[in-house]
2 protein chains.
Amino acid sequence: MPPEPMYRQIADNLRQKIESGELSHGTQLPTELELRDQFEASRNTIRDAVKLLTTRGLVETRPGQGTFVVGKITPYVTTLTGDPGTGGDEEGPVYLATAAEPRSPVTTPPRVEIQEARGAGADELGIPGGASVVSRHQRRYIEGTPWSLQTSFYPMDLALKGAQRLFQVDNIEEGAVEYLRVTLGLQQVGYHDMIVVRVPDAEETSFFKLPEDGRVAVLEVRRTAYDANGKPFRLTVSVYPADRNRLAVLVGDVPPPQ
Amino acid sequence: MPPEPMYRQIADNLRQKIESGELSHGTQLPTELELRDQFEASRNTIRDAVKLLTTRGLVETRPGQGTFVVGKITPYVTTLTGDPGTGGDEEGPVYLATAAEPRSPVTTPPRVEIQEARGAGADELGIPGGASVVSRHQRRYIEGTPWSLQTSFYPMDLALKGAQRLFQVDNIEEGAVEYLRVTLGLQQVGYHDMIVVRVPDAEETSFFKLPEDGRVAVLEVRRTAYDANGKPFRLTVSVYPADRNRLAVLVGDVPPPQ
DNA sequence: GGGTATTTGTCCGTATGTATT
DNA sequence: AAATACATACGGACAAATACC
């Protein structure tokens, strides 16, 4: 058994103090120079130890201030299961993990683009790669804080066959699914969600104010909605920061999530 | 606008070469000393750049060998939605993201413990903190590779009221939900899943062979099963490595996930 | 607003250890 | 056994962010 490297021993020592509560949420750690003297190591070794705690989400460093134990956050809970005929526009109700009343997300007007379907998106919509799709991209906030990024893709056909409002740069108040049903007689009979965890891209990092290294993952929910013929007609991709969001799935007769 | 630090510029440069395909999956990057000469930086700065790519999951380093672009992995897909009356023992079918046929997980005999319910678990089971629960912990493999860790918690009542097999250290072949129904007349009417992303603990890191720093997250699915009285009687916590697993949720009449 | 002290961030050079081929 | 490549550890210098007077 090789001995543990020094920076790991130091990190474990600090981790234990945090988990035992000796260093509680929000409190400041000793400065790097103080830790250097305490552990009789070089400042760079201390920094390696602190970096380990940082990637594990236990502490955060603030330039010019110090290193702090991260505070507990109460995550938002989004319910994925809902009415097969209407869910798909957006998810079900959103709760704070500790509260009973649902929260109301605020959605910005969409950025509308015509794009070529490529890769995964084309597969899920069941259209050939390179075909055109309408993309509607929105930012969503809860109580002023960035909460999710959402992009919906529709086959170009739908818009050309009468659903012109898909091109318009404003929210479809009654919901896009309802609009398509009224306009084109397109009846949604169900949807499926694919849940993926991945590293955020540059836009997500800046919108959610995530750390520049990719240590905080994002949850991506890819929702494909199907019509009565069993053909997909809509793909909605929602992205949430994984450290402050949870997803709920309800099956059968169960009380709502706490 | 402050200029980007050098190690970030180098990381971006390499990232671009990876994403453009100039450096394809599995290929080896130049060694740290070669990169040091190419970018005219010190080896430590090169290492900072590579570490950034490592936390973002783009490359992996192998001591004595070199740095390599990570190969694409085809994730397993686990379906969370199923029959309200039976789902809960285990999840729905498991697919390879590219294949049509479901895979068969292999489950080890459980490690059975009597524990005090604490914190989150007690809340979800609706029992007072400190009450006893039966914990059954299992490791699951697919095609020989570690796939998930699963722990089920039952209130001690159930076992004392006649479901003694909960204490036994072997698999309940017909499924624990079916066993409880036959033995105690306990009818499951539904369940809800809470999906959480978090950093792996020490056991998970070693079982899944994850990197020692916590850069690969795990998906935790907490399934609470309810009986006909609307009371929870079982909590199953399943943990999956987030980089090789996806979750599917099906609502309404939709084809199975591809 | 300006200046100064404190604290973390970046970058360098060097030496030695460990894993792999 | 030797060579190669990444890992650990040290020490030093300066930059950038923040807080405080």
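Only this structure's heavy atoms are used, side chains among them; waters, hydrogens and symmetry mates stay out. The chains referred to below are lettered A, B, ... by the order of the sequence lines, with proteins before strands, and numbering in each begins at 1.
- Nearer the 5' end of DNA chain D, as judged by each residue's closest nucleotide, is the contact made by B:Leu29, out of A:Ser42 and B:Leu29.
- OP1 or OP2 of C:dG9 sits under 4.0 Å from a side-chain N or O of A:Arg47.
- Residue B:Gln16 places its CD atom among 12 or fewer non-hydrogen atoms of other residues, nucleotides or ligands, all under 6.0 Å distant.
- Atom CD of A:Glu19 is surrounded by more than 12 heavy atoms from other residues, nucleotides or ligands within 6.0 Å.
- Note on B:Arg36: nothing from the nucleic acid sits closer than 4.0 angstrom, heavy atoms only.
- In the set D:dC6, C:dG13, C:dT8, D:dC6 carries the atom at the smallest distance from any side-chain atom of B:Arg43.
- Proximity of B:Gln65 to the phosphate of D:dC6: no side-chain N or O atom is located under 4.0 Å from OP1 or OP2.
- Atom CD of A:Glu4 and atom P of C:dT18 are 13 Å apart (whole Å).
- Taking atom CD of residue A:Gln28 and atom P of nucleotide D:dT18, one finds them 14 Å apart after rounding to whole Å.
- Using a 4.0 Å cut-off, no side-chain N or O of A:Thr31 falls inside it from OP1 or OP2 of C:dT6.
- Here D:dA3 sits opposite C:dT20 as a Watson-Crick or G-U wobble pair (both hydrogen-bonding atom distances under 3.5 Å).
- Following rounding to the nearest Å, A:Leu52 (CG) and D:dA9 (P) show an atom-to-atom distance of 12 Å.
- More than 12 heavy atoms of other residues, nucleotides or ligands sit less than 6.0 Å from atom CZ of A:Arg62.
- When the side-chain nitrogen and oxygen atoms of A:Arg62 are compared with OP1 and OP2 of D:dA17, none of them lie within a distance under 4.0 Å.
- Dashed line: the shortest gap from a side-chain N or O of A:Arg8 to OP1 or OP2 of D:dA7 is not under 4.0 Å.
- Protein atom CD of B:Glu40 is 17 Å distant from nucleotide atom C1' of C:dG13, rounded to whole Å.
- No close placement of the A:Phe39 and A:Tyr7 rings is indicated, their centers lying 6.0 Å or farther apart.
- As rounded to whole Å, 14 Å separates atom C1' of C:dA15 from atom CE of A:Met6.
- Between B:Thr61 and D:dA7, a side-chain N or O to OP1/OP2 separation shorter than 4.0 Å is present.
- Comparing C:dT8, D:dC6, C:dC12 by their closest approach to the side chain of A:Asn44 singles out C:dC12.
- Comment: A:Glu204 engages A:Arg198 in a salt bridge, judged by a side-chain N to carboxylate O separation of less than 4.0 angstrom.
- The interatomic distance linking B:Asp48 (CG) with D:dA15 (P) rounds to 18 Å, in whole Å.
- For A:Thr45 and D:dC10, the shortest distance from a side-chain N or O to OP1 or OP2 is below 4.0 Å.
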